[in-house]
Novice: 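Please see the structure below; I have some questions.
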There are 2 protein chains.
Amino acid sequence: MVLLAYPFLMESRELRYFVAVAEELHFGRAAQRLNMAQPPLSRAISLLERRLGAELLLRTSRSVTLTEAGTVLLREGRAALDAMEAAEHRTRRAALAAAGRPGLVLATKAGASGELLAKLLDAYAADPGSIRVDVVLCAPGEQERLLRNGRADVAILHQPFDDTTGFDTEELLTEGQIAVLPAGHALTTRENLRLKDLTDVEDLPAPRWPGPDGTYPAGPGPEVHSHTQLLQLISLGRTLMVAPDSCRSQLRDDVVAVPVTDAPEVTTVIAWPPQSRSRAVADLGRTSLRLRSLPDQAPRRPVMMATAGPAWPRAAGAPQG
Amino acid sequence: MVLLAYPFLMESRELRYFVAVAEELHFGRAAQRLNMAQPPLSRAISLLERRLGAELLLRTSRSVTLTEAGTVLLREGRAALDAMEAAEHRTRRAALAAAGRPGLVLATKAGASGELLAKLLDAYAADPGSIRVDVVLCAPGEQERLLRNGRADVAILHQPFDDTTGFDTEELLTEGQIAVLPAGHALTTRENLRLKDLTDVEDLPAPRWPGPDGTYPAGPGPEVHSHTQLLQLISLGRTLMVAPDSCRSQLRDDVVAVPVTDAPEVTTVIAWPPQSRSRAVADLGRTSLRLRSLPDQAPRRPVMMATAGPAWPRAAGAPQG
DNA sequence: CCCATCGATACCTACGAGGTATCGCTCATG
DNA sequence: CATGAGCGATACCTCGTAGGTATCGATGGG
């Protein structure tokens, strides 16, 4: 039996079009996002619908909504586009490596696990045969995306917040969580807290982070987009936050940490795509294994990091060597 | 920050072209497979290379080989194309379901776990709200592919043979393995065997199954493409096989089963793509859970199955209801 | 040494992706 | 209830490019 060619009709271009429309629920805005005019977009979508034999969108002249099939195609289509993008990035990276400029891109959440990460990178750098590691700091939850679309080779994820299905992982650290509160607030007198003590605190409404679409959820709390900003807002007595224990080391003097006893334990893991059997990734994984059984304080050098939002301009990276 | 459109260049068409060439390592044959002429294929590939900024293939006028980058793109590209195809199939299936013709496609290895599967399907069919299940019998190892490219919603896989990374799974059965030998063969006098007793048995060389590319590996054993054929060859004293314990029930009288004590245990699992939170799949998963704690012999009806090779013509399905 | 094999190049054609103009429907507004 | 703004669909045109044919040039076998 001979292996045949893939027989499906869909082109990735059409899928990009559909995903744009499905996310915007508006042909005009989607067309703008795609840098094209609205009519060809309308045509492409209805052609796609005819070829799939499935209604994807319900349009009136006032609104666009997804059908069942459309919802499925949005989810599956995003995954497929991520995979396409990943193929492209990983190939480019492999070509660079073959051309003598090997490198790893590690994605981690901005403002998390600084200590741990620095130790890991130092230990890896000490490995003979280790290569340059570029660190990309991204918004909470963005790491997973970068790993899925190939912009990163490895990521530091936090269970149970990030979805690690489909990745190989190595546990790095499990820890409890603390509440970070303004110094002097009534709650700071407590030895420890429970989650329900922290919901609906009148004068400290939970902060609101932007979603992946850039919009903020509704609510009374302040809108935030960085941790420094959040800490400042806490110290000003405007909000509070619940975070893993290890972030204590990064707190300012004007905020107070109180353990939250019933918050879920947070496990920091290092994750990579399963078939990525590159030596470098394997080495890094092995390093992280070794790290857990190592004496605690190795000599530390400062670690330079590059920041990168989820936007498209390539993430600049600082050498780790 | 606004969610932007996917900015990559690669079209799935180009990727299909590359995968075809990379698998054939021959532009002419690849072009045939793609139903096109060779020159535009050559052009498309070199254009792809220029746009990726990466050499993918090393060509002489006598041979084509993959570079490092090409190897990466072959692996990643296959995954991406599977994802594209999956998006298409799952969308079509969702549309059918929305149109009142819901159905599940379950992939399983031909000639494996008949008992277990029949029980599972019966139990599920007894569930109120259960829907039609089409069973696709495929060549060993093909189930995984069907699940990844969306032609199946659920699959019966066998650890450690099949790769379940990226799937949600539910364990069904763990069992040892047996050697199936011609009746009367010297080895059948043994109470049990070890793996090394079975390698290099002069008169019973291991059978050779076709790989995914349709070619047979080299070796002394006979070429086989079905289990019936294999059993016949065993009964003729030409070969042997090692298989999970449960296949005993399907053996003919002229072959003998002997336990292999050091063969790895085989775990039969039911698997599905993780985000596929359709009610039907969830029900089936729950049914399989219940099954493990159930009394053994429920009344059984015969189960009709459709066969399907890995080739493209749509798998026909027989209703389960 | 010559021919078979195979990928690359040159050149042409035609399909379809994408643009502009405009229509037709729906709802908010006074 | 009339009007206009907003939005998707339709009509029509243009041009880029995917794909075909013919042929070249390199390489290795007989």
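Numbered from 1 within each chain, the chains take letters A, B, ... in sequence-line order.
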Novice: Nearest nucleotide by nearest heavy atom, which residue falls closer to the 5' end of DNA chain D, B:Q38 or B:A44?
Specialist: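 Closer to the 5' end of DNA chain D: B:A44.
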Novice: I need the CG-P distance between A:L41 and C:dG19, as an integer number of Å.
Specialist: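 Result: 10 Å.
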Novice: So, B:R90 side chain and B:E88 main chain: donor-acceptor pair closer than 3.5 Å or not?
Specialist: no
Novice: Hey, does the side chain of A:R43 come within less than 4.0 Å of C:dA17's phosphate (OP1/OP2), counting only N and O?
Specialist: no
Novice: Write down the distance between CD1 (A:I45) and C1' (C:dG18), rounded to a whole number of angstrom.
Specialist: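 That distance rounds to 14 Å.
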Novice: Look at A:R279 together with A:D283 and state whether they make a salt bridge at an N to O cut-off of under 4.0 Å.
Specialist: yes
Novice: Separation of B:H26 atom NE2 from C:dA8 atom P, in whole Å?
Specialist: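 The distance from NE2 of B:H26 to P of C:dA8 comes to 12 Å, rounded to the nearest Å.
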Novice: Which whole-number value in Å describes the distance from A:F27 CZ to C:dC23 C1'?
Specialist: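 Rounding to the nearest Å, CZ of A:F27 and C1' of C:dC23 are 17 Å apart.
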Novice: If you draw a 6.0 Å radius around CD in B:E68, do more than 12 non-hydrogen atoms from other residues or ligands fall strictly inside?
Specialist: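 Counting other residues, nucleotides and ligands, CD of B:E68 stays at 12 neighbours or fewer.
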Novice: How many whole angstroms separate atom CZ of A:R51 from atom C1' of C:dG16?
Specialist: 11 Å
Novice: Quick check: on DNA chain C, is the nucleotide nearest B:G28 upstream (toward 5') of the one nearest A:M36, or the reverse? Name the residue that is more 5'.
Specialist: B:G28
Novice: Round to the nearest Å and state the distance from B:E11 atom CD to C:dA17 atom C1'.
Specialist: 11 Å
Novice: Between B:E49 (CD) and C:dA8 (C1'), how many Å, whole number?
Specialist: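 To the nearest whole Å, that distance equals 13 Å.
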Novice: Using a 4.0 Å heavy-atom cut-off across all strands, classify B:R62 as base, sugar-phosphate, or nothing.
Specialist: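 B:R62: base contact, heavy atoms under 4.0 Å.
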Novice: Nearest to the side chain of A:S61, which nucleotide is it out of C:dT26, C:dC6, C:dA17?
Specialist: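 So the side chain of A:S61 is nearest to C:dT26.
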Novice: So that I can tick it off, tell me whether A:R16 and B:E11 are bridged by a salt bridge, with the cut-off set at under 4.0 angstrom between side-chain N and carboxylate O.
Specialist: yes
Novice: Could you tell me whether B:R148 and B:E142 have a side-chain N and a carboxylate O separated by less than 4.0 Å?
Specialist: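 Not counted as a salt bridge, because no side-chain N and carboxylate O are separated by less than 4.0 Å.
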Novice: Send over the distance from B:Q32 CD to C:dG7 P, rounded to a whole Å.
Specialist: 12 Å
Novice: If the test is side-chain contact (heavy atoms from CB on, under 4.5 Å), which one of B:L25, B:I45, B:T65 qualifies with B:R59?
Specialist: B:I45
Novice: On DNA chain D, reading 5' to 3', which nucleotide is the first and which the last to sit with an atom under 4.0 Å from a heavy atom of chain A, could you check?
Specialist: D:dG6 to D:dT10
Novice: Between B:R208 and B:P217, is there a donor-acceptor pair closer than 3.5 Å when you use the side chain of the first and the backbone of the second?
Specialist: yes
